[in-house]
Structure formats: structure tokens, C-alpha cells
Amino acid sequence: MAEHSVDDSAEAGPPIDVPAELTLDILRHSAAHLMASAVVELYPGAQYDVGPATDEGFFYNFRLPEHTHFVEDDLPRIESKMKELAKRRIPFEREVMSRDQARHLFSDLGQPFKVDIIDRMPDDVDSVGIYRTGNFVDLCRGPHVPHSGHLRALKLLRVAGVYWKGDESNEQLQRVYGTAFFDREQLDAFIAQREQARLRDHRRLGVELDLFSFPEEIGSGLALFHPKGGLVRKLMEDYSRQRHEEAGYEFVNSPHITKEDLFKTSGHLQWYADGMFPPMELDGGTRYYLKPMNCPFHILIYASRQRSYRELPLRMFEFGSVYRYEKSGVVHGLTRVRGMTQDDAHIFCSKAQMGDELRSLLQFVLDLLRDYGLSDFFLELQTKPEGKAFGTDEEWAEATDALRAAAVAMDLPLVLDEGGGTFYAPKISVQARDAIGRTWQLSTIQVDFMLPQRFDLHYIEADGTQARPIMIHRALFGSVERFFGILLEHYAGHFPLWLAPVQVEIVPVQDDAPEVLQYAAVLRDTLRAAGLRANVGDKPGARMQARIRDAVKQKVPYVVVVGRNDVERGDGVVNLRVTQTGAQEDVAVPELVQRMVREVAERSSG
RNA sequence: GCCCAAGUAGCUCAGAGGUAGAGCAACGCCUUGGUAAGGCGUAGGCCGUGGGUUCAAUUCCCACCUUGGGCUCCA
């Protein structure tokens with residue numbers, strides 16, 4: 001997933017001695033040097049910036065001379081040059097020199113990025129490490145492999161434009177990504193793993209399974225859900241509604257557009273305008289905005305009349321459609337869209353209730369996510385974004401502490417994301433690992449002291465005085481679209497029975513024998529009467545084998561084959577095929593119904 | 001928004017300065033087959049959109065739209 005921000009720590013410190021063992025990071029960092037070495041040979045005058053190892057491999061940032069730039073087709077050339085250099089077993093030679101000496105060296109070499117790194121080093125650094133690989137010289141604390149012969153399982157992956165030091169206002173450099181492993185087998189496994197990820201890409205599955213599409217006519221980042229996708233989505237939403245109802249939420253609704261004043265009051269126009277679609281202006285000059293969030297609306301519902309302490313906590317839930325103006329380059333399938341539906345709720349409560357409410361809420365979130373088949377979580381605590389938020393540090397600290405306390409009580413790994421909160425509140429993000437180990441940010445829970453102030457919310461305390469409620473903002477799926485995409489990838493399209501758009505495909509062996517078709521129709525109706533989604537294909541002339549294959553490709557969980565033999569035997573036993581494994585067994589219809597109904601009720605993941 | 005690349009039939013892709021092709025899907029006919037593709041045939045395309053160059057553009061150039069990989073940002 002997301003790469004680290006540019007990390008030049010490998011270059012910025014004093015040199016490190018030879019390591020006790022050769023780690024993958026060391027190998028990859030050496031591979032980055034080798035790549036830079038190849039690039040400098042192939043593109044004389046190329047300037048190199050930083051080139052660390054990453055989780056997936058390594059990269060190096062370059063500026064090529066005279067407006068030349070890499071294209072994808074250059075990668076094979078660079079890669080062969082690297083292999084050629086690797087064969088020569090060129091030693092990685094370490095040298096320690098004074099800071100001044102190094103500065104002169106890189107200045108003479110015409111490597112301004114290195115000079116800059118040296119200049120930015122802390123004052124107490126007076127000697128630095130240099131590594132030479134043949135003619136290539138890099139500022140580097142190391143360590144490295146002894147010689148380039150260790151670098152044989154290599155692959156360059158892609159080129160990308162990156163901002164120097166990761167800052168949008170800086171010049172853009174070109175980054176070449178690659179990866180390296182100890183041996184060929186590991187590299188092949190990596191390539192196979194990428195292929196697996198490609199096969200379960202939700203954008204691909206969305207087309208194959210006829211779930212959703214992104215027609216150009218609508219616009220970037222706006223999805224259309226087809227009947228099957230719509231059904232899965234409805235099942236997801238129905239269950240969510242049911243659970244929310246049980247957990248004491250009330251259902252509200254709000255419009256998609258609103259006058260600008262509402263977003264002035266909420267602070268969205270001050271802090272979030274970049275993420276909003278431009279306004280539409282009516283005849284009288286009144287400006288309306290599409291809503292990027294639902295909170296101001298729920299706040300107005302709260303404020304619609306006087307509230308008593310007896311009503312708190314007040315929990316308002318809505319599948320709210322919001323629109324966010326995402327930059328054109330970031331839109332991505334269902335996981336990053338411009339129009340989405342949040343399973344959004346706002347809890348209004350007293351400060352005294354906040355702790356309990358947060359703990360039970362977190363438990364509720366995790367329980368619900370588990371029901372959708374995710375079970376491997378960690379939490380992230382995101383704090384005040386300096387300079388991009390209102391409110392005092394004390395208020396933020398109090399809200400953040402409340403969140404931290406609730407998070408700690410969950411006994412899950414907790415990581416800190418300094419400055420990752422929104423403009424009105426710190427938050428906990430629930431991160432989940434999917435079936436192939438990728439992590440996704442799902443739920444967010446925010447403790448908000450700001451908006452109740454800005455909207456001047458209050459309630460009447462037991463003693464008759466006015467008090468200020470606090471707000472908890474929370475979304476479990478995050479957005480329905482995004483969660484749908486994540487589940488689709490998590491399951492690789494094999495939805496668990498309770499979510500599968502078609503649960504059983506009934507395949508007649510002889511599709512022109514009336515008694516067989518009749519038998520299949522009766523079976524279908526029996527299954528449907530039990531609330532199961534059963535289907536008999538109506539494609540004429542399709543042979544049994546082809547129908548089975550289609551059902552498998554459509555990832556229908558079960559296939560039941562019925563034919564003349566079953567009709568003649570008349571014992572109500574049919575053959576069941578578990579699509580994902582190909583396993584077959586004979587089973588009596590009542591038992592089949594019972595089993596499937598139970599599997600649905602348990603929401604088991606197959 | 002920025003860097004790089006790509007848009008040809010529903011899908012996956014080939015092609016070439018002289019107005020297009022395959023496989024699968026669709027449709028029709030034949031086949032009635034017991035667990036992952038039966039056979040034959042038919043139809044399907046403003047070659048992303050708009051400009052330009054040219055006798056001629058889907059092919060070359062420009063802009064825009066959409067998509068992909070990144071950066072930045074985020075649910």
C-alpha cells in the first residue's frame with residue numbers, strides 16, 4: 001500500500017559499521033545504490049537524491065539532465081545494466097570522511113541533493129560515511145552487501161513523479177521503484193503475490209461479477225451499483241441498520257445540499273473547502289454546497305429543540321451520501337471516490353458519559369466488523385493537525401486522552417499518528433488486515449468539543465442549569481462503497497453465503513426434459529421459500545458442464561446438479577457442489593435447506 | 001493538482017497514414033450431455049471526445065475527458 005514518506009535517515013547520520021548479518025533491508029538498500037549507479041552510467045549528468053529500502057523493495061529519486069525523463073520502457077535497460085554490474089561483483093567500499101570533505105566531493109560531482117543533505121545534518125555531525133560502488137559514489141551510513149554479486153534477484157517495478165522532500169510546493173523528481181530478494185525463488189513468489197493481488201482487485205471483480213461500474217458519462221469517482229452489487233450492498237446495509245437499532249441508535253435523514261452558511265458555521269469552508277465541490281449559485285445569489293460531511297445536519301436536528309440530560313446519549317444514524325472533491329490523481333475504484341455513502345452517526349452526550357460511550361462504541365465497532373469477516377485489527381490514534389484546526393490545546397488534549405483511554409481498553413495494538421486528526425477533532429482509526437495481509441483504514445471515531453461550541457449546543461442538566469454536550473462522530477464502514485471494495489478484495493469475490501448475491505445455482509442435467517426442469521423449479525422454490533437466493537439458469541442450449549463453469553466463475557457459493565436420475569429415484573437427495581473447493585456430496589433437500597439457512601444466520605465466512 | 005503511461009466490439013487484446021481483426025461473451029440453429037468451455041453460424045466498432053497536419057487520420061500533432069502506476073491528500 002502506501003509507501004513511506006521520503007526517508008533519508010540512511011544518509012543523514014554518522015556511518016555504521018559492518019552489520020552482524022545481512023538483512024533484506026541492507027540488500028535492498030544496496031540494490032538502490034546499484035540502480036543509481038546504473039542510472040548514472042546510462043544517463044550521464046543524472047543527479048540522485050535519496051534511495052532507501054521500503055517494505056516492498058527500494059527506490060531512488062533522480063533528476064535527469066536537460067528535461068529528459070524516464071519512461072516505463074527505460075526500466076528494462078536500467079535493469080540489464082544493473083545485472084551487468086552485479087555480475088562484475090563490484091565491491092561496496094566504505095569510507096569515512098569529514099563533513100567538509102564530503103561536501104566538496106559531492107559539490108565537485110555535481111550532486112546538489114547530497115550537498116543539501118550534508119548541509120541539513122545536525123551540527124554535531126562532523127564525519128560522514130561514503131560508499132563507492134565502482135565509479136558511483138553515494139553519501140551513505142550503510143551498511144551494505146560486500147559486493148554487487150549479492151544482488152541478483154532484482155526487478156524494477158515502476159517510475160513515478162515525486163515532490164522533492166515530499167512537499168507539493170517543491171520541484172518534482174522522478175522516482176524509480178524496484179525490489180530485490182536474496183534469491184530468485186523469493187522474487188518469483190513476490191511476483192506471484194502481486195498477480196494474486198491483481199486477480200482480487202475489486203475493480204476487476206466488479207466487472208467480472210457485474211457488481212458496479214464507473215461510466216465515463218457520470219464523471220470520475222462516481223460509481224453505479226448494478227443489481228448484484230446493489231443486492232450485496234443492501235444486505236450489508238440491512239444488517240448494519242439492524243445492529244444499530246439494537247444498539248440504541250435512532251435513524252435520521254438529511255439532504256445532499258445546503259446553503260453555505262451552514263458550512264461557515266461548522267468551519268468546513270474555512271478548513272475543508274479544498275475537499276468540497278464548488279458551490280452552485282441561485283438567482284438571489286445564495287450559494288449552495290454539496291455536503292462533504294453529515295455532521296452539521298445532525299447537529300441541527302439536535303438543536304431543533306431544547307434537550308434534557310435525560311435524552312443523552314442521543315445517537316443519530318444515517319446512511320448519508322456525501323461528495324468530496326478529490327484531486328483527479330487520487331480517485332481509485334471504490335476505495336477513493338467523489339461520491340459516497342457514509343454509515344455515519346453522531347452521538348451527543350455529556351462529558352461524564354464520554355468514557356463509557358467510547359468504550360462501548362469501540363466494542364460495537366469491532367464486533368460488527370467481525371461479523372463482516374474481518375478479525376485482525378489495530379488502532380491508530382490521530383491527534384491535532386497543527387495549524388489546520390480550531391480549539392485550544394487543552395481541549396484537544398482532553399478529547400485525545402478520552403480516545404486513548406478507550407483505545408487502550410481494547411487491548412489491541414495502538415499506533416500514534418501525530419497530526420492525523422481532522423480540523424475539529426482527534427480520532428481513532430480502526431485498521432484491519434485483509435486476507436492477504438494488507439491493511440485498510442476502516443472505522444473512525446472522533447471526539448469533538450469544537451462543533452458543539454460553534455453551534456452553541458446545550459442541554460438542561462438535572463439541576464436546571466445549561467450544559468454543553470460533546471459529540472462523537474463515527475463511521476464503521478467508513479463509506480459503504482469503500483467497505484464494499486475492501487470486502488470484495490478480502491474475499492477475492494467469494495462472498496460468504498449471507499452476502500452472496502446468488503447463493504445456489506441449480507443446474508439441470510437435461511435442460512429439455514420437462515420433468516427435470518420441473519424438479520429444478522420446485523427445488524428452487526423450496527430454497528427461496530426458506531429465504532435463500534436460488535437460481536436456475538435460463539440460458540438455452542448451455543450444457544451442464546458449461547453452466548457449472550459459469551457458476552464457478554461467478555463465484556456462486558453452491559451448485560446443485562439435478563437430472564433425470566434424481567427424478568426417477570424420487571428420494572429427494574441431490575448432489576451439492578461447494579464451488580470454491582469443488583467438493584461434492586449427496587444431500588437430502590431438507591438438510592440442504594437447514595444447512596444453508598444456518599450458514600446464513602451465522603454469517604460464517606465459508 | 002503534479003510526473004509517467006494507456007484508451008480499438010460487452011470483456012481481454014492484436015493491428016496499421018488508404019475508413020478494422022482474434023478469443024471469450026451475446027444472438028440463432030443443431031446437440032441432451034451426471035460435475036470447470038459440445039458443434040456450426042450470425043450480429044456487433046464515429047478505433048475516448050474535440051481541434052489540427054495531410055489528397056487521405058483510428059494511426060502523426062495539440063487540447064480535453066477517462067483509466068492505470070506513483071507523489072500529495074484522505075473514508
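The structure displayed is predicted, hence computed values, not measured ones.
- Between A/Tyr48 and A/Phe62, the ring center distance fails the sub-6.0 Å criterion.
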### Query
Dot-bracket for RNA chain B, 5' to 3', counting Watson-Crick or G-U wobble pairs under 3.5 Å, with [ ] for crossing pairs and | for inter-strand pairs?
((((((((.[[[[.)..(..]]]].(((((.......))))).....[[[[[..)....]]]]])))))))....
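- Rounded to whole Å, atom P of B/rC11 lies 11 Å from atom CG of A/Asp210.
- When the C1' atom is compared between B/rG70 and B/rC47, the two are found 29 Å apart, to the nearest whole Å.
- Proximity of the aromatic rings of A/Phe212 and A/His226 is defined here by a centroid distance below 6.0 angstrom, and this criterion is not met.
- Every residue two or more places apart in sequence or in another chain was checked for a salt bridge (Lys or Arg N to Asp or Glu O under 4.0 Å) with A/Asp74, and none qualifies.
- Nucleotides B/rC3 and B/rU42 are separated by 50 Å at their P atoms, to the nearest Å.
- Residue A/Val507 is classed as having no contact, given no heavy-atom separation below 4.0 Å to the nucleic acid.
- Considering only side-chain atoms of A/Tyr177, the nucleotide from B/rG33, B/rG70, B/rC3 that sits closest is B/rG70.
- Geometrically, A/Lys155 does not engage A/Phe190 in a cation-pi contact, judged by NZ or CZ lying under 6.0 Å from the ring centre and within 45° of the ring axis.
- Ring to ring, A/Tyr177 and A/Phe58 are not that close: their centroids are 6.0 angstrom or more apart.
- When the nucleotides B/rG34, B/rG70, B/rU35 are ranked by their closest atom to the side chain of A/Ala160, B/rG70 comes out on top.
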